[in-house]
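This report concerns only the one structure given below.
Keep in mind that the numbers below use all heavy atoms, side chains included, and drop hydrogens, waters and symmetry copies. Chain identifiers are assigned alphabetically (A, B, ...) following the order of the sequence lines, protein sequences preceding nucleic acid strands; residue numbering begins at 1 within each chain.
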2 protein chains.
Amino acid sequence: MSVDATVTPESWDEQLRESGLRVTAGRRAALEFLDDHPHSSAADILAGLSDDIPSISAQSVHNIVHDLTRHELVRRIDLPDSGSARYETRTHDNHHHVQCVVCGRIEDVDCVVGHAPCLTPDDVHGMTVLTAEITFRGVCPECEPTLRDRDPQY
Amino acid sequence: MSVDATVTPESWDEQLRESGLRVTAGRRAALEFLDDHPHSSAADILAGLSDDIPSISAQSVHNIVHDLTRHELVRRIDLPDSGSARYETRTHDNHHHVQCVVCGRIEDVDCVVGHAPCLTPDDVHGMTVLTAEITFRGVCPECEPTLRDRDPQY
DNA sequence: CTCGTAGTTTTGAGTTCATCAAAATATTGG
DNA sequence: CCAATATTTTGATGAACTCAAAACTACGAG
């Protein structure tokens with residue numbers, strides 16, 4: 001499967017250059033793939049890029065997402081029961097996520113209250129809060145019947 | 001190092017039995033240790049229990065925290081840059097966490113707004129939301145000087 | 001346009017965290 | 001105290017990610 005070309009490919013090149021990163025086929029392809037497939041794991045990215053770039057290696061993908069994360073071109077997400085870290089291209093809009101506890105499916109949720117970091121807790125033990133990441137956990141429509149079979153109380 | 005005995009040890013036994021779990025030395029010790037050392041990793045627990053229970057193995061610790069998590073006697077936390085999953089005994093009060101992005105230190109934060117799940121997002125893609133977990137990320141007082149040295153903009 | 005340098009990718013090995021399976025052991029109801 | 005079964009232990013296995021050095025490539029200088 002190849003990536004959708006409707007997203008202007010040049011914009012990634014510009015963003016890479018603006019971050020002081022060199023433009024390589026792997027980085028461009030990873031950004032395009034993540035834009036089309038948000039919440040992908042490193043393994044997902046490797047599988048998605050292997051057709052276009054047969055030489056790509058798992059380590060390269062790890063290097064790429066690591067570098068892109070450090071320069072905030074992608075955002076890394078760590079969730080329970082997901083096996084591995086996920087990545088997405090939406091980096092500066094302070095959105096959040098819903099995760100189905102049954103199938104693990106992840107979807108975006110727009111900022112809940114006001115502006116980033118969205119919430120102002122009382123006692124943060126003297127820490128300077130930079131961001132607030134919210135993960136809603138629940139059950140998606142497709143999984144509710146499954147859950148009801150196992151646990152009629154729901 | 002041994003655990004603090006001010007927390008009634010019997011209460012853990014009761015909670016284990018109420019959950020249909022057998023009372024074993026490992027489970028009791030793990031609960032006591034986690035109560036004194038919240039946000040511990042499996043490795044932390046293993047190290048903390050080895051003095052009292054020399055025969056304990058890493059696999060036993062994984063079994064224990066897995067079983068206790070399933071029965072909601074402990075809660076598992078997955079955070080970025082923490083290396084491994086963390087566990088804590090506060091399970092039913094819907095509290096949240098602050099994490100220092102420099103040293104990784106984790107502290108508790110009490111529920112921010114109203115009742116659990118604290119927040120009601122607009123579009124959750126049809127999912128039934130059960131919980132909302134908030135992770136604040138920031139810099140703790142001890143690390144701010146360090147950060148200023150590296151990045152004078154802060 | 002060519003070359004050189006420094007940033008990237010690749011190759012290969014290694015580490016950590018966690019899971020699976022089966023044998024040994026311990027808990028608890030009877 | 002015994003038996004049934006849950007739990008721990010032992011050992012093997014796997015997945016995700018990191019580390020290090022060699023091969024390669026982007027891109028600016030000349």
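Although no hydrogens or angles enter the test, the distance criterion places a donor-acceptor pair under 3.5 Å between the side chain of T69(A) and the main chain of V65(A). At least one donor-acceptor pair under 3.5 Å links the side chain of R86(B) to the backbone N or O of S82(B). Of the possible donor and acceptor atoms, none in the side chain of D35(A) sits under 3.5 Å from a partner among the backbone N and O of E32(A).
Atom-to-atom, CG of L46(A) to C1' of dA16(D) comes out at 12 Å; the value is rounded to the nearest Å. The CG atom of D67(A) sits 14 Å away from the C1' atom of dC17(D) (whole-angstrom rounding). Going from atom CD1 of I64(A) over to atom P of dT25(D) covers 14 Å, rounded to whole Å. Rounded to whole Å, the distance from CZ on R86(A) to P on dA16(D) is 9 Å. Residue D78(B) contributes atom CG, which lies 12 Å from atom P of dC17(D) at whole-angstrom precision. D13(B) places its CG atom 16 Å from the C1' atom of dT7(D), with the value rounded to the nearest Å. The nearest whole Å value for the distance from the CD1 atom in I45(B) to the P atom in dT8(D) is 13 Å. Rounded to an integer number of Å, the gap from CG of L16(A) to P of dA26(D) is 13 Å.
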How would nucleotides 11-19 of chain C be written as a contact map, 5' to 3', with B for base contact, S for sugar-phosphate-only contact and - for no contact, using protein heavy atoms under 4.0 Å? BBB---SBB
Generate the contact string for nucleotides 2-7 of chain C. Rules: B means base contact, S means sugar-phosphate contact only, - means no protein heavy atom under 4.0 Å. ----BS
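L31(B) and L21(B) fall within a single hydrophobic cluster, where Ile, Leu, Val, Met, Phe, Trp and Tyr are joined by side-chain heavy atoms under 4.5 Å apart, directly or via other members. Under the 4.5 Å side-chain contact rule for hydrophobic residues, L49(A) and V23(A) share a cluster. In the hydrophobic clustering of this structure, L68(A) does not group with I77(A); members are Ile, Leu, Val, Met, Phe, Trp, Tyr whose side-chain heavy atoms approach within less than 4.5 Å, directly or through other members.
Taking the six-membered ring for Trp and thresholds of 30 and 60 degrees, H95(A) and H97(A) have ring planes more than 60 degrees apart, a perpendicular arrangement.
In summary, D110(B) and R90(B) engage in a salt bridge, as defined by a charged side-chain N under 4.0 Å from a carboxylate O.
Residues E142(B) and R105(B) form a side-chain contact, since some pair of their non-hydrogen atoms from C-beta on lies under 4.5 Å apart.
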